[in-house]
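One structure is given below, encoded as structure tokens.
So you know, we letter chains A, B, ... as the sequences are listed, proteins then strands, and number each from 1.
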Amino acid sequence: MSAAPVLFEDFQPGAVMGECVEVYDAQQARRWQAIFGSRPEDGANGASEGASMAVINMMRAYLNVVTPRPPGNVHARQQLRLRNVPQCGESIRVTVQCTHKEMRRERRYVDLQVSGTGQGGRTLFDGVISLIWAA
Amino acid sequence: MSMQTATELHTVSLTVTEEVIRAYAELTNDFNPIHLDAEFAAKTPMGRPIAHGTLSLCLIWQCLERNFGAEVLADLDLQVRFIQPVYVGDVITACCQATEAAPDQHKVSVHGQDGSKRIVGTVTLNASHPLEQGDKA
């Protein structure tokens, strides 16, 4: 039996929803390079790939923590403060907190604060994912 | 790095195919049917499958690195709005442009092959150590 999806009414602004650890590993690097390029000038094995991994693992963490979700959610806005670029092989601990929700023009808006730390607790990023929730 | 005018800045482009969207779904573990299921997407206001919003952010990072160097990605603040969807077949291009608001603040955008903006926003480089007016970069 599958669990009920997280609905708009379930979000509690101020509540920490959970945390998880993601790893920027060689498989993620290969997949990124297959899409965005594998040359040094593409940022492969470098800063562009690493900054992308901050965003990718931020999303993976949100999807792992806020689950299951109703189908059809849409990413509306993104704020991100990037303070260090993740390195290949680095574990990234991400916490997810609901900070705001509101109905606007019959749309359900949800803000999720995400904060990521890397090896030794070094600050990597924090930001706000703003979503239009489907149900 | 010497100052460049907006017209000299490098852009970065990507052709968005079903394979690209599928590969990005596997990378992010985001299998929302709005990205992957044409039948589902047809019933939404989007009308057909759309690319993940953050896929386009990766192009913005590449654009910033090419224009300002790798080190700027380690200290920046970004705010963007995903104002129009990116569809299969779109060729999207990431751009950045200096603003007059602050020496390290730039407009960033991703537009489609028809010139329509899909993402708009701002990025502030050296965000935790802002340059004062007159400081050397």
How long is the straight-line distance from CZ of B/Phe82 back to OG of A/Ser130, given to the nearest 0.5 Å? 9.5 Å
Please determine whether side-chain contact (heavy atoms from CB on, under 4.5 Å) holds for the pair B/Asn29 and A/Asn64, giving the CA-CA distance in whole Å, both sets of side-chain angles, and the decisive distance to 0.1 Å. CA-CA 9 Å; B/Asn29 205 24; A/Asn64 278 337; 4.1 Å; yes
Using 0.5 Å steps for rounding, measure from the NE2 atom of B/His10 to the CD atom of A/Glu41. 11.5 Å
With the 4.5 Å side-chain cut-off for hydrophobic clustering, are B/Ile119 and B/Val20 part of the same group? yes
Can you say whether B/Tyr24 sits under 4.5 Å from chain A via the side chain, the backbone, both, or neither, judging by heavy atoms? both
Is it the case that more than 12 heavy atoms not belonging to A/Gln12 sit under 6.0 Å from its CD atom? no
Look at B/Leu57, B/Leu78, B/Ile34 and state which one has the largest set of heavy-atom pairs under 4.5 Å with chain A. B/Leu78
OG1 on B/Thr28 to CD1 on A/Ile56, rounded to 0.5 Å: 7.5 Å
I want to check something: taking the side chain as every heavy atom from C-beta on, are B/Thr54 and A/His75 in contact at a cut-off of under 4.5 Å? yes
Let's test your reading of the structure: which of A/Gly43, A/Ala134, A/Pro71 forms the most heavy-atom pairs below 4.5 Å with chain B? A/Pro71
Short side-chain to backbone donor-acceptor contact, A/Arg81 and B/Asp75, under 3.5 Å: no
Drop me the distance from B/Trp61's CH2 to A/Leu80's CG, to the nearest 0.5 angstrom. 5.0 Å
Heavy-atom pairs under 4.5 Å with chain A are the metric here; pick the option from B/Gly53, B/Cys58, B/Gly121 that has the most. B/Cys58
Atom group of B/Ile60 that falls short of 4.5 Å from chain A, counting heavy atoms: neither
Verify the neighbour count for atom CZ of B/Arg22: are there more than 12 heavy atoms of other residues, nucleotides or ligands below 6.0 Å? no
I need the B/Arg81 CZ to A/Gln79 CD distance, nearest 0.5 Å. 12.0 Å
Just by distance, with hydrogens left out, do A/Ser48 and B/Glu65 show a side-chain donor and acceptor under 3.5 Å apart? yes
Portion of B/Glu71 that has a non-hydrogen atom of chain A nearer than 4.5 angstrom: neither
Would A/Arg60 and B/Leu27 count as a side-chain contact (heavy atoms from CB on, under 4.5 Å) here? Give the steps. CA-CA 9 Å; A/Arg60 291 178 66 92; B/Leu27 185 53; 5.9 Å; no
Nearest 0.5 Å please: distance from the CG atom of A/Asn84 over to the OG atom of B/Ser128. 9.0 Å
Any salt bridge between A/Arg83 and B/Asp77, counting N to O under 4.0 Å? yes
Highest number of heavy-atom pairs under 4.5 Å with chain B among A/Gln78, A/Arg69, A/Met59 belongs to A/Gln78
Of the non-hydrogen atoms in B/Leu73 and A/Ala51, which two are nearest, and what is the gap between them? CD1-CB, 4.1 Å
For residues 26-38 of chain A against chain B, heavy atoms under 4.5 Å, the residues are A/Gln28, A/Arg31, A/Trp32, A/Ile35, A/Phe36
State plainly whether one hydrophobic cluster holds both B/Val86 and B/Ile50, where clusters connect Ile, Leu, Val, Met, Phe, Trp and Tyr through side-chain heavy atoms under 4.5 angstrom apart. no
Looking at B/Asn32 and A/Gly72, would you say the former's side chain and the latter's main chain have a donor-acceptor pair under 3.5 Å? yes
Transitive ILVMFWY side-chain link A/Val94 to A/Val23, under 4.5 Å: no
Is A/Val66 reachable from A/Ile129 through a run of I, L, V, M, F, W or Y residues, each pair having side-chain heavy atoms under 4.5 Å apart? yes
Joint hydrophobic cluster, B/Phe40 plus A/Leu63, side-chain heavy atoms closer than 4.5 Å: no
Under 6.0 Å from the NZ atom of B/Lys107, do we count more than 12 heavy atoms belonging to anything else shown? no
side-chain contact (heavy atoms from CB on, under 4.5 Å) between B/Arg66 and A/Asp42, intermediate numbers included: CA-CA 8 Å; B/Arg66 286 195 191 174; A/Asp42 297 319; 3.1 Å; yes
Check whether B/Leu14 gets within reach of chain A through its side chain, its backbone, both or neither, counting any heavy atom under 4.5 Å. side chain
